Amino acid sequence: MAKEDKVKKVKAKKAKKAALTDDLSSGDAHLNFKKTKSTEKSHKATNQHKVKSPKKESTDFEIADDKRFKEEPNDGDFMPEKKGKKRKRKLESVEGPSTSTALSVPKKKKKKASQEGDGSSGPEKTKKKAESKNKKVKKEEEEHPVAAKKKKKTKEEIEAARALKIKKREEEEQQRWRWWEEEKYEDGVKWKFLEHNGPYFPPEYQPLPDNVKFYYDGKPVKLSLAAEEVALFFAQMLDHEYTTKDVFRDNFFADWRKEMTLEERMLITDLNKCDFGELHAMHREKVEARKNMSKEEKLLIKEANQKILEEYGYCMLDHHRERIGNFKIEPPALFRGRGEHPKQGMLKKRLQPEDVIINCSRDSRIPVPPAGHSWKEVRHDNTVTWLASWTENVQGSCKYVMLNANSKLKGEKDWEKYEVARKLKTCVDAIRAQYLRDLKSKQMGIRQRAVALYFIDKLALRAGNEKEEGETADTVGCCSLRVEHITLHDTLDGDNCVVEFDFLGKDCIRYYNKVPVSKRVFKNLKLFMQNKQEGDDLFDRLNTALLNKHLSSLMPGLTAKVFRTYNASMTLQQQLKELSNPSDNQAEKLLSYNRANRAVAVLCNHQRAPPKTFEQSMANLQTKIESRKEQLALAKKELKQAKKEAKANSDNKLLVVVEKKKKAVQRCEEQLLRMEVQATDREENKQIALSTSKLNYLDPRISVAWCKNMEVPLDKIYNKTQRDKFAWAIDMTELDFAF
DNA sequence: TCAATCACTTAGGATATATTTG
DNA sequence: CAAATATATCCTAAGTGATTGA
């Protein structure tokens, strides 16, 4: 659906022609931010969910110490700025009277400060923690024999298996590196020792069997190995929509021809005359055969993969064995950019060890390159976290081999991220007050900054870095919004001052939303749009660097993305409080959790393509519900009948029958209810992806504390991977944690 | 002095695996 | 037991934001 509303290709490069003669009549009534904010959050016009809008925040923090926010941003020196961004930057860097204190705190130190002295972290927790864990172990040991005794043989086995699993889990837990209890390295050092085996390279290309032929213009052509490999890439994708797109086809064809020999290039000049049918069929057969493999074959493959994982999937980092995230070198393929990507279909080339830079300790076993090869470089930089890197040929960007999310390096960073967001909580009121004031600034740049910040805070928009034109799909974030991305409505659906957003954001996911805003914001937007045309930047005096510079002066570590984290986690916390009830049963609690999670996903616009089978499976469920309803009706009727009979002659047997029927009705009702809940849950989730927010925006400690308070087992909320990733939070979070 | 580069987080789709259902 | 469905994992693209170097 995102595709339909193609944003028009605008090549008229950011011609900044703002005629900026804003006259500052400061007449608007002062707005109450809180009131506006909380209720309007996340009203997507497209998908209306049952989720209640987030509750009003009770953010009553008083920022006592901070004079900065009290000062009126007194820039009498306003002058219309006519030129482009560069000029503006200069002007504004002269500006602020107030940045020094905040900025003088060196960044690296701040991290420590933010993590210490916080109620829920710190080493004192350690002992308590260990105790409680021991208790847990004991308990489980006690419970299991009892449970096993009760059941019969097969059940016994199941029990045994489960016990084993639990034991394994405990064992794992025992040897987990509890890095969060250790001192942190300072000044950008990421590790002291790093050893690994280098990345794993994909297998060489296997040429086609002789009976599978490529045809050009009806005639079989034996391709050179290189050309054949690339042809197969295309053939394999023939079922995909990509191969119908002109851009994809053209890019592919151009790059394919580069791989051809001279003769091949002479011969093959038209993609439409190429017949990949046999290659495609072969590929399909392979896929099919793979599916139909016997258990043994599958096991064999699994074991082989396991071996690769053992050898290449781990590294030693400061005496601990850590899992590597992406230890496999990306195999060659046709580039699949998202949306209308100008480079889709280009050939992503096969990498050689000669392309790869290795990073590891000087005193470690240096990884051995594949036979007959050598590394591009081996370096020993312990201020970065990557183990290997290479430059990818399609976009020219760097790619890295890094650790898994459950590693110390990633976990620590994640923790830090949430601590920064929590810190924002203590000054968000002041910051909001300031940007509301800045809405009236005499300087255009400051006004634009204020409006952008208003969007970022209220709507959780991304910062919106500039992108190089023609290199990527045309997507935008807040600072890069163009005038065609918003429409202003004086009134709409009974609301005043409504801004209609319609643009493609990250990954070409459409953002569509109608948002009532304050009068002053509305007026400013009108002003920003004056004398501009399609293709012009809405915020022509603003970019992310400027915005972030300002933010970091308000609070060390503050950047635009922190607002997303902050608002996401706050929303979860509020929603959980609002929706869940300790007296609910577990299913209801989980539904509440999912809804709270969903509110965040809606806020952050985390979408997914509706599953291909969605309509079908929904219909199936619906028919199941219908038939269950009939069953219920029948059961009820029978119950009535039985009752009647029982009344007529009070036979004990008949009473038993009545009870039975009653039970049947009850069971039926429960099942029906469950299915109906499932149906709504699924419907609400149709195009919403919960996982992204869960993984990246929601402070896990909120969820952990909620589970503890609600007595919901944590694994109902987090699967194994997620529990590993959030081990630090699971370990340190107490019942009373508040974000 | 800012565009390019670098390092790292965030993102959705594809694919594999597990579970449920018929 | 197979098919359908749900869930987990893999994969790599696409962002953010700090730093760098021409």
Side-chain angles (χ1 to χ4, degrees), chain A residues 2 84-87 89-90 93 107 188 190 237 240 287 290-292 298 301-302 305 309 325-331 333 335-339 341 343-344 348 359 381 383-386 389 391-392 394-400 402-405 409-410 413-414 416-417 462-468 471-473 475-480 504-509 543-549 551-552 557-562 564-565 568 601 604-609 611-614 616-618 620-621 624 678 682 685 687-693 695-697 718-722:
Chain A
K85 289 184 178 162
K86 333 225 150 138
R87 167 94 169 287
R89 246 176 236 160
K90 207 186 290 166
S93 65
K107 273 187 198 132
K190 303 290 170 48
M237 287 182 72
H240 204 288
V287 170
R290 212 181 155 72
K291 238 181 8 204
N292 295 330
K298 279 184 181 165
I301 289 183
K302 207 173 167 184
N305 285 332
L309 177 69
N326 56 327
F327 58 90
K328 288 179 176 167
I329 290 283
E330 294 174 18
F335 178 74
R336 296 151 94 113
R338 315 256 165 89
H341 197 115
K343 298 196 170 184
Q344 64 187 109
K348 192 171 73 174
N359 190 35
D381 181 353
T383 67
V384 296
T385 65
W386 51 269
S389 73
T391 302
E392 164 263 7
V394 175
Q395 317 234 46
S397 64
C398 215
K399 299 234 179 175
Y400 302 91
M402 287 186 193
L403 295 189
N404 188 277
L409 253 25
K410 295 288 185 188
K413 204 77 188 297
D414 210 34
E416 206 181 302
K417 171 181 77 185
R462 295 188 185 82
N465 279 318
E466 284 156 282
K467 306 167 72 188
E468 207 168 333
E471 299 292 301
T472 63
T475 62
V476 298
C478 185
C479 293
S480 50
L504 297 183
K506 182 178 180 182
D507 292 309
C508 286
I509 297 297
N543 61 36
T544 52
L546 238 30
L547 179 65
N548 283 329
K549 202 176 136 214
L551 289 174
S552 75
L558 186 61
T559 62
K561 85 200 258 286
V562 177
R564 246 166 106 79
T565 312
C604 294
N605 200 38
H606 290 143
Q607 299 191 22
R608 61 169 188 175
K612 279 193 201 81
T613 55
F614 185 86
Q616 186 55 52
S617 75
M618 212 57 200
N620 288 350
L621 190 60
K624 269 202 312 208
Q678 192 189 6
R682 209 193 283 178
N685 249 2
Q687 334 187 287
I688 311 246
L690 300 187
S691 58
T692 304
S693 48
L695 240 43
N696 299 301
Y697 287 103
Y718 288 142
N719 66 30
K720 173 90 173 80
T721 315
Q722 292 164 162

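Just so it is clear: chains get the letters A, B, ... in the order the sequence lines come, proteins before strands, and each one is counted from 1. Nothing here was measured: the structure is a model prediction, and the numbers come from that model.
- Residues A:Leu558 and A:Ser552 are not in side-chain contact: their nearest non-hydrogen atoms beyond the backbone lie 4.5 Å or more apart.
- The shortest side-chain heavy-atom distance between A:Arg338 and A:Gln344 does not fall under the 4.5 Å cut-off.
- Ranking C:dT12, C:dC11, B:dG12 by closeness to the A:Asp507 side chain, first place goes to B:dG12.
- Scanning all heavy atoms of the two residues, the minimum distance from A:Val394 to A:Phe335 falls at CG1-CG, 3.8 Å.
- Between A:Ala333 and A:Val562, the residue whose closest nucleotide on DNA chain C is further toward the 5' end is A:Ala333.
- Of the candidate nucleotides B:dA16, C:dG17, B:dT10, B:dA16 has the atom lying nearest to any side-chain atom of A:Arg290.
- Close to C:dG15, at under 4.0 Å from its OP1 or OP2, lies no side-chain N or O of A:Asn465.
- Of all nucleotides listed (B:dA11, C:dA14, B:dA7), B:dA7 comes nearest to the side chain of A:Met402.
- Atom pair A:Trp386:CH2 and B:dT5:P shows a separation of 16 Å (rounding to whole Å applied).
- Nearest to the side chain of A:Asn326, among C:dA18, C:dT12, B:dA11, sits C:dT12.
- Nearest to the side-chain atoms of A:Arg462 among the listed nucleotides C:dA14, C:dT12, B:dA11 stands B:dA11.
- The base of B:dT9 lies outside donor-acceptor range of the side chain of A:Lys413, with no N or O pair under 3.5 Å.
- Between A:Lys298 and A:Leu409, the residue anchored nearer the 5' end of DNA chain B, judged by the nucleotide with its closest heavy atom, is A:Leu409.
- When each of C:dT12, C:dC11, C:dA13 is scored by its nearest atom to the side-chain atoms of A:Glu392, the top-ranked nucleotide is C:dA13.
- For the pair A:Gln395 CD and C:dA13 P, the computed distance is 7 Å after rounding to whole Å.
- Side-chain contact check for A:Asn543 versus A:Glu466: some heavy-atom pair is nearer than 4.5 Å.
- Side-chain N/O atoms of A:Thr472 include none lying less than 4.0 angstrom from OP1 or OP2 on C:dA14.
- Not one side-chain nitrogen or oxygen of A:Lys410 sits closer than 4.0 Å to the OP1 or OP2 atom of B:dC8.
- Computed from coordinates, the A:Asn696 CG to C:dA14 C1' distance equals 13 Å when rounded to whole Å.
- An OP1 or OP2 oxygen of C:dT7 is reached within less than 4.0 angstrom by no side-chain nitrogen or oxygen of A:Arg682.
- Atom pair A:Leu504:CG and B:dA11:P shows a separation of 16 Å (rounding to whole Å applied).
- A salt bridge links A:Lys343 to A:Glu471: one of the charged nitrogens lies within less than 4.0 Å of a carboxylate oxygen.
- Between A:His606 and B:dA11, a side-chain N or O to OP1/OP2 separation shorter than 4.0 Å is present.
- If you take CG of A:Asp414 and C1' of B:dT9, they are 9 Å apart, rounded to a whole angstrom.
- When the nucleotides B:dC8, B:dA11, B:dA14 are ranked by their closest atom to the side chain of A:Arg336, B:dA14 comes out on top.
- If you check every strand for non-hydrogen atoms under 4.0 Å, A:Gly505 touches sugar and phosphate atoms only.
- The distance from atom CZ of A:Arg338 to atom P of C:dA14 is 6 Å, rounded to the nearest whole Å.
- Both A:Cys398 and A:Ser693 lie close to DNA chain B; mapped to their nearest nucleotides by heavy-atom distance, the more 5′-ward contact belongs to A:Cys398.
- In this structure, A:Lys190 reaches the sugar-phosphate backbone alone: every heavy-atom distance under 4.0 Å involves primed, P, OP1 or OP2 atoms, never a base.
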Verdict with supporting geometry, A:Lys506 and A:Thr475, side-chain hydrogen bond (donor to acceptor under 3.5 Å, both in side chains): CA-CA 6 Å; A:Lys506 182 178 180 182; A:Thr475 62; over 6 Å; no
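- Distance, A:Gln607 CD to B:dT10 C1': 16 Å, rounded to whole Å.
- An OP1 or OP2 oxygen of B:dG12 is reached within less than 4.0 angstrom by a side-chain nitrogen or oxygen of A:Thr692.
- At the heavy-atom level, A:Thr385 lies under 4.0 Å from the strands shown only through sugar-phosphate atoms.
- At B:dT10, one or more side-chain N or O atoms of A:Lys561 fall inside 4.0 Å of OP1 or OP2 (strictly under the cut-off).
- Within a 6.0 Å radius of CZ in A:Arg682, more than 12 heavy atoms belonging to other residues, nucleotides or ligands are found.
- Picking from B:dA7, C:dA13, B:dA11 the nucleotide with the shortest atom distance to the side chain of A:Tyr400 gives B:dA7.
- Among the protein residues, A:Ser691 comes within range of no part of the nucleic acid, since none of its heavy atoms lies under 4.0 Å from any strand.
- Side-chain contact between A:Thr472 and A:Gln395 is present, with heavy atoms from C-beta onward closer than 4.5 Å.
- Put simply, A:Lys417 has no side-chain N or O that comes within less than 4.0 Å of OP1 or OP2 on B:dT9.
- Distance CZ (A:Phe335) to C1' (C:dC11): 13 Å, rounded to an integer number of Å.
- Of the candidate nucleotides C:dA13, B:dA7, C:dG15, C:dG15 has the atom nearest to the side chain of A:Lys506.
- Looking at which nucleotide of DNA chain C each of A:Thr544 and A:Asn719 is closest to, the 5′-most match is held by A:Asn719.
- Of the candidate nucleotides B:dT9, C:dA13, C:dA8, C:dA13 has the atom nearest to the side chain of A:Lys348.
- Between A:His240 and B:dA14 there is a side-chain N or O to OP1 or OP2 distance below 4.0 Å.
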